[in-house]
Chemist: 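Structure incoming, see below.
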Amino acid sequence: MSDDLVLLERVSPSTAVLTVQRPEALNALNLDVLSALGGALLEVRRDDIRQLVVTGAGKAFVAGADIKAMRDLDREQATEFARRGQRVMHLLSTFPGVSIAAVNGYALGGGMELAMACDLIVADERAKFGQPEVKLGVIPGFGGTQRLSRLVGAMRARELIFTGRTFGAEEAVRLGLVLESVPAGTALERGRELAATIEAQGPMAIRWAKRACQLADELNIEVGLQEEAKFFGRCFDTTDQTEGMTAFVEKRAAQFTGA
Ligand code: DAK
């Protein structure tokens, strides 16, 4: 799918790259971009894509929600804006496959929240992160208060949100927000490389591993372990489990079908 504002490209049998492309505004999220993103994320599900790499065109990943578009919203319009943004974040965070944010530049406000809605984040060494909403008199509204706290801990999340300060990729790695800082210009390449590695694994196993990991945020450890055991059991209903273990015994590479 190619809309003006987003580009969805399949780059391998089950991997796609989703690019936000509004570079003249550093890919800021207005209603149209949010709608285009929502449409693309629905298409990703319909087309059975299992790895999704999200990135931005030009020098930004996404420099946040569109401040100019938000400034004059009335209450009703602001509510609609919030709904549309939350729908995008929900579609991304509940994507059954693996999502990887390849942060090529600025990831501020809603842009950092978009990255945090992904399973993994790799960042260009020049990338800049931040939740600067308080500087604009608002708070993070696309999940920032919740996801940042879970990723970096309550105290650091509060500091970042209360000060609105911008920080670089190296610090983001130290904080546990970002998996890897990569050489300038290679975030997308690294994102695709990770996607290719994941694509070679048992698809159902990846899906259930993701779900089980997500439950770690929601459940106490005892209940979480029970759920993990159930997901483990379900793997034994798949031909991928038979194939994976048989391939090991036969000393060959597994040929998974996702069934
Ligand atoms: N919105 C609109 N336009 C933006 C933008 C943004 N977030 N960021 C950049 N642009 C535009 C600039 O206005 C400029 O447009 P022209 O002036 O050329 O027309 C163009 O992109 C290039 O930007 P600059 O000229 O500023 O480029 P620089 O390299 O000099 O600076 C920068 C880059 C990223 C440091 C700077 O552009 C900047 O500070 N941008 C704003 C970053 C920011 O504050 N982001 C957070 C936005 S607030 C909620 C839901 C969501 C939210 C809140 C509530 N609810 C559901 C309740 C989310 C809020 C946010 O994300």
Side-chain angles (χ1 to χ4, degrees), residues 6 18 20 22 25-38 41 54-56 60-95 99-124 127-169 171-179 214 216-218:
V6 299
L18 177 60
V20 183
R22 194 188 169 214
L26 304 187
N27 303 321
L29 304 172
N30 62 15
L31 272 177
D32 291 339
V33 177
L34 288 171
S35 289
L37 272 173
L41 289 168
V54 182
T55 195
F61 176 69
V62 167
D66 189 317
I67 301 166
K68 295 169 192 167
M70 280 191 299
R71 191 182 59 166
D72 298 322
L73 296 183
D74 61 27
R75 182 200 285 226
E76 207 169 296
Q77 291 164 327
T79 306
E80 176 56 21
F81 182 78
R83 279 207 191 102
R84 233 182 272 190
Q86 284 167 357
R87 179 164 169 268
V88 167
M89 302 302 162
H90 180 76
L91 280 170
L92 192 51
S93 66
T94 59
F95 170 54
S99 51
I100 303 168
V103 175
N104 51 303
Y106 292 110
L108 302 173
M112 181 161 141
E113 291 169 306
L114 186 73
M116 289 192 291
C118 294
D119 296 306
L120 301 168
I121 306 177
V122 294
D124 187 299
K128 296 281 179 219
F129 293 84
Q131 296 289 165
E133 287 86 348
V134 291
K135 294 176 190 281
L136 300 162
V138 293
I139 70 166
F142 292 152
T145 60
Q146 305 304 302
R147 291 202 174 93
L148 187 57
S149 300
R150 282 170 166 83
L151 285 167
V152 306
M155 185 80 71
R156 182 58 70 193
R158 287 175 197 163
E159 183 261 329
L160 293 172
I161 291 168
F162 296 169
T163 64
R165 76 176 170 89
T166 299
F167 55 99
E171 181 174 353
V173 171
R174 279 201 306 280
L175 294 177
L177 172 67
V178 162
L179 182 65
Q214 281 179 322
D217 285 338
E218 298 164 23

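In this text the structure is predicted, and so the values were computed from the model without any measurement. Throughout, numbering of the chain's residues begins at 1 and tracks the sequence.
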Chemist: So which atom in V88 and which in L41 form the shortest heavy-atom distance, rounded to 0.1 Å?
Modeler: O-CD1, 3.7 Å
Chemist: In sequence, state the C-alpha distance, the side-chain angles, and the governing distance for L160 and F129, and then conclude on side-chain contact (heavy atoms from CB on, under 4.5 Å).
Modeler: CA-CA 10 Å; L160 293 172; F129 293 84; over 6 Å; no
Chemist: Which atom pairs, donor and acceptor, lie under 3.5 Å between side-chain atoms of residues 60-72 and protein residues at least two apart or in another chain?
Modeler:
| unit_1 | atom_1 | unit_2 | atom_2 | d |
| --- | --- | --- | --- | --- |
| D66 | OD1 | K68 | N | 2.9 |
| D66 | OD1 | A69 | N | 2.9 |
| D66 | OD2 | R22 | NH1 | 2.7 |
| D66 | OD2 | R22 | NH2 | 3.0 |

Chemist: Return yes if some donor-acceptor pair links the side-chain N/O of S149 with the main-chain N/O of A157 below 3.5 Å, else return no.
Modeler: no
Chemist: At their closest point, which heavy atom of F142 faces which heavy atom of G85, and how far apart are they?
Modeler: CE2-CA, 3.4 Å
Chemist: When rounded to the nearest 0.5 angstrom, what is the spacing between OG1 in T166 and CD in Q131?
Modeler: 10.0 Å
Chemist: Residues two or more places apart in sequence or in another chain: which of them pass side chain to side chain donor-acceptor pair (under 3.5 Å) with Q77?
Modeler: none
Chemist: If I take atom CE from residue M112 and atom NZ from residue K128, how far apart are they, to the nearest 0.5 angstrom?
Modeler: 13.5 Å
Chemist: Which heavy-atom pair separates G144 from I161 by the least distance, and what is that distance?
Modeler: O-CD1, 4.2 Å
Chemist: Please report the interatomic distance CG(L73) to CG(L31), rounded to the nearest 0.5 Å.
Modeler: 7.5 Å
Chemist: Between D124 and A169, which heavy-atom pair has the shortest distance, and what is it?
Modeler: O-CB, 3.4 Å
Chemist: If a pair satisfies salt bridge (Lys or Arg N to Asp or Glu O under 4.0 Å) and one of its residues is in residues 108-121, list it, with sequence neighbours excluded.
Modeler: D119-K210
Chemist: May I have all residue pairs that pass salt bridge (Lys or Arg N to Asp or Glu O under 4.0 Å) and include part of residues 76-95, sequence neighbours excluded?
Modeler: E80-R84
Chemist: What's the spacing between L26 CG and L108 CG if we round to 0.5 Å?
Modeler: 9.0 Å
Chemist: Which heavy-atom pair separates L177 from L151 by the least distance, and what is that distance?
Modeler: CD1-CD1, 3.9 Å
Chemist: Considering all heavy atoms of both residues, which atom of S93 and which atom of Q214 are nearest to each other, and what is their separation?
Modeler: O-NE2, 2.9 Å
Chemist: L179 and I100: side-chain contact (heavy atoms from CB on, under 4.5 Å), yes or no, with the steps?
Modeler: CA-CA 10 Å; L179 182 65; I100 303 168; over 6 Å; no
Chemist: side-chain contact (heavy atoms from CB on, under 4.5 Å), that's the test. Do V33 and N27 meet it? Break it down for me.
Modeler: CA-CA 8 Å; V33 177; N27 303 321; over 6 Å; no
Chemist: Hey, is CZ on R165 packed in by over 12 heavy atoms from elsewhere, all under 6.0 Å?
Modeler: yes
Chemist: Listed by chain and number, what are the side chain to side chain donor-acceptor pair (under 3.5 Å) partners of Q86, not counting sequence neighbours?
Modeler: none
Chemist: Not counting sequence neighbours, list each pair that qualifies as a salt bridge (Lys or Arg N to Asp or Glu O under 4.0 Å) and has a residue in residues 145-156.
Modeler: R156-E159
